[in-house]
Amino acid sequence: MSTATATRRTGGEADADAPAPRRRLTPLRLLLHGFLIAVSLIWLFPIAWAVLTSLRSYEYTATNGYVSFGGWTFDNYVTAWRTAEFGQHFLNSVYITVPAVLLTLFLASCVAFVIARFSWKLNLILLGVFTAANLLPQQALLIPLFRLYTEVPLPEFMSDSELLYDSYWGLILINVAFQCGFCVFVLSNYMKALPRDLYEAAMVDGASVWRQYWQVTMPLCRPALAALATLEVTWIYNEFFWATVLMRTGDKFPVTSSLNNLRGQFFTDNNLVSAGSVLVAIPTLVIFFMLQRHFVRGLTLGASKG
Amino acid sequence: MSDLPLIQADRAVPPPAATPTTGGRRRRLRLLSRTDRVVITLMVLVPLLLVTAFIWLPAAATVVLSATDWDGIGPLNEIDFVGARNYSDVVNIYPPFVPAIQNNLLWLAVLFLVATPFGMFLAVLLDKELKGSRFYQTALYLPVVLSLALIGFVWQLLYSRDQGLINAVFGSSIDWYGDSNVNIWAVMIASGWRHVGYIMLLYLAGLKGVDPSLREAAAVDGASESRTFFRVVFPVLRPINVIVLVVTVIESLRAFDLVWVVNKGRNGLELISALVTQNVVGEASRIGFGSALATIMLVVSLVFITIYLATVMRENRQ
């Protein structure tokens, strides 16, 4: 499985495993380290500043200025959580992200399997249709899609707007449709690298196509699926545009898009803005630090050549 | 902005199915039972219908609507076709159009000429496998996990006129997000901050895949490090270069979230994507007109998507 070995070498993880080559610290290397430390700190600074600001009281910073020391408090988090109803918005994000990611991976792996397993002339076209869809500018689809969403009815138990517009279903579907292309592309490459003897053997054993997909291919794709799941969770959680234009009810907004409403409420109080920003960032940061290897592998999946 | 489109296929992938002859393919098809054929059809058809209904048909409809004067309310059969009038209106009598084009191009220029080379430079440095390399990498691609909307908020803490860090430190009183002379630069710095980490990651992955014997050969020949990079390593990275180019173009064309959270793309922050949205979601609802703008976006992006697919497929077949 060349893809598996190739991806294992990509990204930052490999460095931890390989014994660091011991070299003398020449002035040039010292300069290099100095430069990289400086750039890293500059890169971390805006995030660190947001955390710092969120932990200080508005009154203190208002009188002493932001470049001061003191006024430490957790009140901003409490206030931001309450006034912005973060609990509800996080829940909305879960309702949208979890089904969307599962559905994307399932549908994309089906198409990828057929593309990788069978060699028909339509395969390249199919791959192109899916991959290109992922790269189109969302705004270019907005007008007909908006109209479509306001026309398609849903039963009341699925959406209280009784339309695709302003419903979780609508957001799930558009996210799935958009993200499928990327996953088809990555998974079909991954599946093509699986040994073909596997399928010959499965055929001899009389395994149906579905079994070849579900019980032979999918277990072998676990590393790719894990990497894609991590990436897709952060992307769909971070999705801003579709929720902004295809939702109307403020209470139903996922947390990333609800940010824009918060802005009005928090306008005069940067300490609150920063507490809200940190709260919204926490899920992606947790995923990132816990599943860093998957995240990086997902971003570079297939990038290096085995 | 959520989708960081990806890279090219793995070169090690074997050619698909050892290119069977037509006869062989038919034989294989006949090996499949009826149920199998139904399953295969469903596996392709369901996702295909979804992508067609939600992505490709709307894209096609946008192009059709751009030739009409539809206001978005009346029934579809009352639409009048007006030919290219919307396009000439966009160019001639729509004041934000020219600034939007300029801003989109500026965005592309900054990402491409500043952020991308810088990301590549950092990747080259980090490829030396220094001690602490993991810390540097993590710090640099941390912004990639944040949404661009959120980045707009985080940077507001630095940019805000009364409460921002920059003005506090330098004693200035510039409204970085509000002043139409500077705000496009301010949001581009925030956008570039994220872009650098992503580009660095792509090149780092690419560099790790470069055959070490190439560099050794260059070293034996006595080539300097920079010479080796530009003459030996960089040409090998060609597929990644194409992908980075396309990704950068598409990202700058799709840029939206950041300017929308700042001021809905007005007052100095006009972008084509924001104009389309304003024309549809806002009070105006000028569908034909907005569609003409959207079609322009669509055409530009399709050119680069084609380049991308051609590169990817060529890699795929090798």
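Numbered from 1 within each chain, the chains take letters A, B, ... in sequence-line order.
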Whatever's closer than 4.5 Å to a heavy atom in chain A on B:Y203 counts as neither
Applying a strict 4.5 Å limit to non-hydrogen atoms, the region of B:I55 in contact with chain A is both
Bottom line for B:T62: the part with an atom under 4.5 Å from chain A's heavy atoms is both
Ranked by heavy-atom pairs below 4.5 Å to chain A, first place among B:L50, B:V51, B:L157 goes to B:L157
Max heavy-atom pairs within cutoff under 4.5 Å with chain A, candidates B:L298, B:V276, B:I151, B:L140, goes to B:L140
In this structure, is the centre-to-centre distance between the rings of A:F288 and B:Y141 below 6.0 Å?
yes
In terms of heavy-atom pairs under 4.5 Å with chain B, the winner among A:L145, A:N271, A:T234 is A:L145
B:L65 and A:P144 have their tightest heavy-atom pair at CD1-CG, 4.3 Å
Check the orientation of A:W43 and B:F118. Use parallel for under 30°, tilted for 30 to 60°, and perpendicular for over 60°. tilted
Of the listed A:F35, A:F45, A:F106, the one with the largest count of heavy-atom pairs under 4.5 Å with chain B is A:F35
Turns out that what part of A:L32 lies under 4.5 Å from chain B's heavy atoms comes down to side chain
Can you confirm whether the side chains of B:Q137 and B:S133 place a donor and an acceptor under 3.5 Å from each other? yes
| said: Given 3.5 Å as the limit, does a donor-acceptor pair link the side chain of B:Q278 with the main chain of B:G265, or not? | reply: yes
Okay, A:V111 and chain B: the region with an atom under 4.5 Å from a heavy atom over there is both
Do the ring planes of B:Y159 and B:W155 sit parallel (below 30°), tilted (30 to 60°) or perpendicular (above 60°)?
-> tilted
Using modelled atom types only, decide if a donor and an acceptor are shared between the side chain of B:N279 and the backbone of B:I287 within a distance under 3.5 Å.
no
When the 4.5 angstrom heavy-atom criterion is applied to B:W193 and chain A, the contacting part is both
Bottom line for A:T244: the part with an atom under 4.5 Å from chain B's heavy atoms is side chain
Whatever's closer than 4.5 Å to a heavy atom in chain A on B:V145 counts as both
Bottom line for A:I37: the part with an atom under 4.5 Å from chain B's heavy atoms is both
Of the listed B:A168, B:S291, B:S160, the one with the largest count of heavy-atom pairs under 4.5 Å with chain A is B:S291
Looking only at heavy atoms, the pair that brings A:M191 and A:A116 closest together is CB-CB, 3.5 Å
Honestly, the part of B:L122 sitting under 4.5 Å from a heavy atom of chain A is side chain
Mark yes or no for whether A:N123, through its side chain, and A:I115, through its backbone, hold a donor-acceptor pair below 3.5 Å. yes
Of the listed B:T35, B:V39, B:L146, B:L45, the one with the largest count of heavy-atom pairs under 4.5 Å with chain A is B:L146
Q | Geometric class of the A:F240/B:F256 ring pair [parallel <30°, tilted 30-60°, perpendicular >60°] | A | tilted
Okay, A:Y149 and chain B: the region with an atom under 4.5 Å from a heavy atom over there is side chain
Does the side-chain hydrogen bond (donor to acceptor under 3.5 Å, both in side chains) test come out yes or no for B:T138 and A:Q292, once each step is laid out? CA-CA 9 Å; B:T138 308; A:Q292 196 175 5; 3.1 Å; yes
Among A:F289, A:F130, A:W210, the residue with the most heavy-atom pairs under 4.5 Å to chain B is A:F130
Separation between NZ (A:K192) and CZ (A:R117), nearest 0.5 Å, reads 14.0 Å
Exercise. With a 4.5 Å limit on heavy-atom distance, are the side chains of A:F182 and A:L135 in contact?
Worked result: no
Under 4.5 Å to a heavy atom of chain A? For B:F121 that would be side chain
Counting heavy-atom pairs under 4.5 Å with chain A, the top scorer among B:L309, B:L165, B:L253 is B:L165
Review point. In terms of heavy-atom contacts, does CH2 of A:W214 have more than 12 from other residues, nucleotides or ligands at under 6.0 Å?
Key: no
Highest number of heavy-atom pairs under 4.5 Å with chain A among B:A274, B:G132, B:A294 belongs to B:A294
Among A:T256, A:L173, A:V184, A:I287, the residue with the most heavy-atom pairs under 4.5 Å to chain B is A:L173
When the 4.5 angstrom heavy-atom criterion is applied to A:Y237 and chain B, the contacting part is neither
Counting heavy-atom pairs under 4.5 Å with chain B, the top scorer among A:S277, A:G181, A:S274, A:A112 is A:S277
Scored by heavy-atom pairs under 4.5 Å with chain B, the best of A:I174, A:I42, A:I47 is A:I47
Bottom line for B:L207: the part with an atom under 4.5 Å from chain A's heavy atoms is neither
- Message: Using side-chain heavy atoms (C-beta onward) and a distance below 4.5 Å, is A:Y213 in contact with A:S109?
- Response: yes
